[in-house]
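Working notes, structure below.
Values below: every heavy atom of this structure, side chains too, minus hydrogens, waters and symmetry copies.
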Amino acid sequence: MTNQTNDGGVQGLVSDYLGRRINRRDFVRRAVALGLSMPAASAILAACSTSSTSSTSVTKGGTFVEGYDRDFTKMDTVVSGWADPGYVALYEFTQIRDFQGKIVPALFESWTLSSDGLTLTAKLRQNVKFHSGTPATNAQVVEDFNLFRDPKIGQNQVFWKSVTDVSAGPGNTVVIKTTKPWAAIGETLATEYSMIHNEATRKAAGDTYGATKVDGTGPFTLTEFTPGKQVIVSRWDGYAGTAIPFLQNKGKAYVDAVKWVPIKEPANRANEIEAGTVMAVKNPAGQDVARLKANSNLIVEEWPSTANSFIALNLQKTNLGFDDLRVRQAISKAIDREGIVKSVFFGHAVATYGPLNPNFKWYEKGVEQFNKFDPAASKSLLDAAGWSTIGSDGIRVKNGQRLSFTHYNWAQQSDGAPVMEVVAANLKSVGVEMKVTSLESAAFFPHWNDTAESFGYEWLWSSPIDVLVIFATIPSKAYNGNFADLQAAFDAWQSAGSDAQLEAAARKAQLVWAEKLPKIPVVTPNVIWVHSKKVHGWRPNQSMLYPLYNDVWYEH
């Protein structure tokens, strides 16, 4: 996995070692790869050991303040607009990914799979309870899982379609029966939309659940939820502790509270962390990253996000040729992705030629043979598809129809508009007109339907193949077309009985997507995490969306 950090990677390497994300052998291997000599690596290791020893005295209390790169949505694991970092403080995963992407215990302390792969039996930790004081039992987990898989309720239900029964078993176990093997269950459970909540509290709170009331099992309770201003959670002294292997603090949180403040303007994020008004911040503007990395009081970590921005063309719009693969490939080849990385993100992003981020554990490098920037090939493909007449305004015409369409961009994602402006300029150069309209959420989502000609979106999800299953059907299968080979890859993913089968299905899905383009991938922004050196235990994870807060403390 790519890991870009301060000082050409050395400071991030030290941070990884002190945070126990890598061992001594990995430290030496990466140090040598960075060009350090063995004596230099040994000297740094020795200094790390001294630093680690001197920093073992934890300072408890206080409020950890974090700058967030968007506004907040309700923290409801069943139905919500997206997942914010407060989820991982208020709720807990049943299973979670470690720093290498391996599925490890959380609320489920162990699990076994039957020999035919059709029955998973997972054991829930004893003595876990919700914030309300209600014991969190296997019966409540069963209730939640049945909500998640209900096609009328759960936004996660598409992943659970092979499940025939979820029941409470002996010894505080949860028994899941399926019609086919489901090795991908760990990938699904290790998302914010499979976290455990108390459904009785959720029902009582109604539509206000996730804003006025949250009843999870996490180390913090909800104190304030004010979109546009702040979200505050307070340490829960009734917390039963954690079994997550990579967390050092197994008991109650060190800090009294965590506060997230939205900093929607990217240019303001660096200023806030430099001024000390926040102790950590997510995604400063690309042009500020070099300055932050040069600041000896800060740690900067960076890697491709578990995300991808795309252009969704309505394949029902046959008058625009969007059902013609040659037209979609022509549009894709007209996009200068590397130019977007440089001009919009100042190098802090990666061009994506397939549907997934390149640090995904099963990333298929073969996708990079597709969708390369090639305006000449783009023009030839459009000519071959019959869009060979150029109008007086430079836009191609076929049977009296101009190759012109409206593209709706979700303004919630601050980089989306400038990305699509560059794309529009790229397309204009080959005779295609894309008229970009950026809209806030209330205006954007009504256009997210089968009548829209095109829309843009950046997905952010910690189970990348699962999210492709979703986005192959949004807003409908008709909108995205019918690709039997892609569906076969998804079926293989959702019926895999081993990691090897999961990997094979993941790689196949990426290749088909890159070639057939049900949606056109554009760019994966890097996620950039910055924190003060006085902050300890705040450890972003490339495999998950947000860092956990159990270990966090800071020097007062």
* **Proximity of Tyr554 and Phe64 rings by center, below 6.0 Å** => no
* To do: Tell me, yes or no, whether the heavy-atom count around Lys250 atom NZ, taken from other residues, nucleotides or ligands under 6.0 Å, exceeds 12.
  => yes
* To do: To the nearest 0.5 Å, tell me how far Lys180 NZ sits from Ser495 OG.
  => 5.0 Å
* To do: Look at Asp215 together with Lys213 and state whether they make a salt bridge at an N to O cut-off of under 4.0 Å.
  => no
* Stepwise side-chain contact (heavy atoms from CB on, under 4.5 Å) test for Glu92 and Met195 -> CA-CA 6 Å; Glu92 291 183 286; Met195 289 174 147; over 6 Å; no
* What's the verdict on ring pair (Phe, Tyr, Trp, His ring centres under 6.0 Å) for Phe72 and Trp82, showing C-alpha distance, side-chain angles and the deciding distance? -> CA-CA 9 Å; Phe72 309 107; Trp82 54 87; 9.4 Å; no
* With a cut-off of 6.0 Å (strictly less than), are more than 12 heavy atoms of other residues, nucleotides or ligands near CG of Asp207? -> no
* Check the surroundings of atom NZ in Lys252: do more than 12 heavy atoms from other residues, nucleotides or ligands lie under 6.0 Å from it? => no
* Asked: Between the side chain of Asn480 and the main-chain N/O of Ile474, is any donor-acceptor distance below 3.5 Å?
  -> yes
* Ignoring hydrogens and geometry, is there a side-chain-to-backbone donor-acceptor pair from Asp144 to His197 under 3.5 Å? -> yes
* **Non-neighbouring partners of Asn550 that pass side-chain hydrogen bond (donor to acceptor under 3.5 Å, both in side chains), sequence neighbours left out** => Tyr239
* Would you say Asn541's side chain and Arg97's backbone share a donor-acceptor pair under 3.5 angstrom? -> yes
* Asked: Out of Val527, Ile528, Asn283, which residue meets the side chain to side chain contact (heavy atoms under 4.5 Å, CB included) rule with His348?
  -> Ile528
* Residue of the set Tyr479, Tyr408, Trp410 for which ring-ring contact (aromatic ring centres under 6.0 Å, His included) holds with Phe455 -> Tyr479
* Are there more than 12 heavy atoms of other residues, nucleotides or ligands under 6.0 Å from atom NZ of Lys102? -> no
* Asked: Take atom NZ in Lys477; do more than 12 heavy atoms of anything else shown fall under 6.0 Å from it?
  -> no
* To do: Decide, yes or no, whether a salt bridge links Glu272 with Arg269 under the criterion of side-chain N to carboxylate O below 4.0 Å.
  => no
* Main-chain N/O of Val255 paired to Arg235 side chain as donor or acceptor, under 3.5 Å -> yes
* To do: Take Asp84 and Thr73 through the test side-chain contact (heavy atoms from CB on, under 4.5 Å) and record every step on the way to the result.
  => CA-CA 7 Å; Asp84 291 326; Thr73 187; 3.7 Å; yes
* Asked: Got a donor-acceptor contact below 3.5 angstrom from the Asn357 side chain to the Thr524 backbone?
  -> no
* Asked: For Lys177, does its backbone N or O pair with a side-chain atom of Thr164 as donor and acceptor, under 3.5 Å?
  -> yes
* Do Gln248 and Asp551 have a side chain donor and acceptor closer than 3.5 Å? -> no
When the side chains of residues 117-126 are checked against the rest of the protein, which donor-acceptor pairs come out under 3.5 Å, sequence neighbours left out?
{"residue": "Arg125", "atom": "NH1", "partner": "Gly241", "partner atom": "O", "Å": "2.7"}

* Asked: Would you find a donor on one side and an acceptor on the other, under 3.5 Å apart, between the side chain of His556 and the backbone of Gly61?
  -> yes
* Go through Thr223 and Ser234 one step at a time and tell me if the side-chain hydrogen bond (donor to acceptor under 3.5 Å, both in side chains) criterion holds. => CA-CA 6 Å; Thr223 300; Ser234 300; 2.5 Å; yes
* To do: State the CG-OG1 distance between Leu107 and Thr94, to the nearest 0.5 angstrom.
  => 6.5 Å
* Quickly, which of Ile196, Thr134, Val128 forms a side chain to side chain contact (heavy atoms under 4.5 Å, CB included) with Gln140? Name it, please. => Thr134
* Establish, yes or no, whether a centroid distance under 6.0 Å links the rings of Phe108 and Trp111. => no
* Backbone N/O of Thr208 and side chain of Thr212: donor-acceptor pair under 3.5 Å -> yes
* **Pair Lys361 + Glu187, salt bridge at N-O below 4.0 Å** => yes
* Asked: Could you give the distance from OG (Ser162) to CD1 (Ile185), rounded to the nearest 0.5 Å?
  -> 8.5 Å
* Verify, without hydrogens or angle tests, whether Tyr87 (side chain) and Asp76 (backbone) share a donor-acceptor contact under 3.5 angstrom. => yes
* **Qualifying residues under side-chain hydrogen bond (donor to acceptor under 3.5 Å, both in side chains), relative to Asn268, sequence neighbours excluded** => none
* If you take all heavy atoms of Trp236 and Thr217, which pair is closest and at what distance? -> CZ3-O, 4.0 Å
* Okay, side chain of Arg149, backbone of Val163: is any donor-acceptor separation there less than 3.5 Å? -> yes
* Asked: Any luck finding a side-chain donor-acceptor pair between Asn314 and Glu453 under 3.5 Å?
  -> no
* Asked: Looking only at side chains, do Gln510 and Trp362 share a donor and an acceptor under 3.5 Å apart?
  -> no
* **Chi angles and distances behind the side-chain contact (heavy atoms from CB on, under 4.5 Å) call for Ile311, Val423** => CA-CA 10 Å; Ile311 297 169; Val423 170; 3.6 Å; yes
* Structure fact -> Nearest heavy-atom approach of Trp182 to Thr188 is CZ2-OG1, 3.9 Å
* To do: For the pair Tyr457 and Phe471, name the ring-plane relationship: parallel under 30°, tilted 30 to 60°, perpendicular over 60°.
  => tilted
* Trace of the side-chain contact (heavy atoms from CB on, under 4.5 Å) decision for Val231 with Val258 -> CA-CA 8 Å; Val231 169; Val258 179; over 6 Å; no
* Atom pair OG (Ser167) and CZ (Phe145), whose distance is rounded to the nearest 0.5 Å -> 12.0 Å
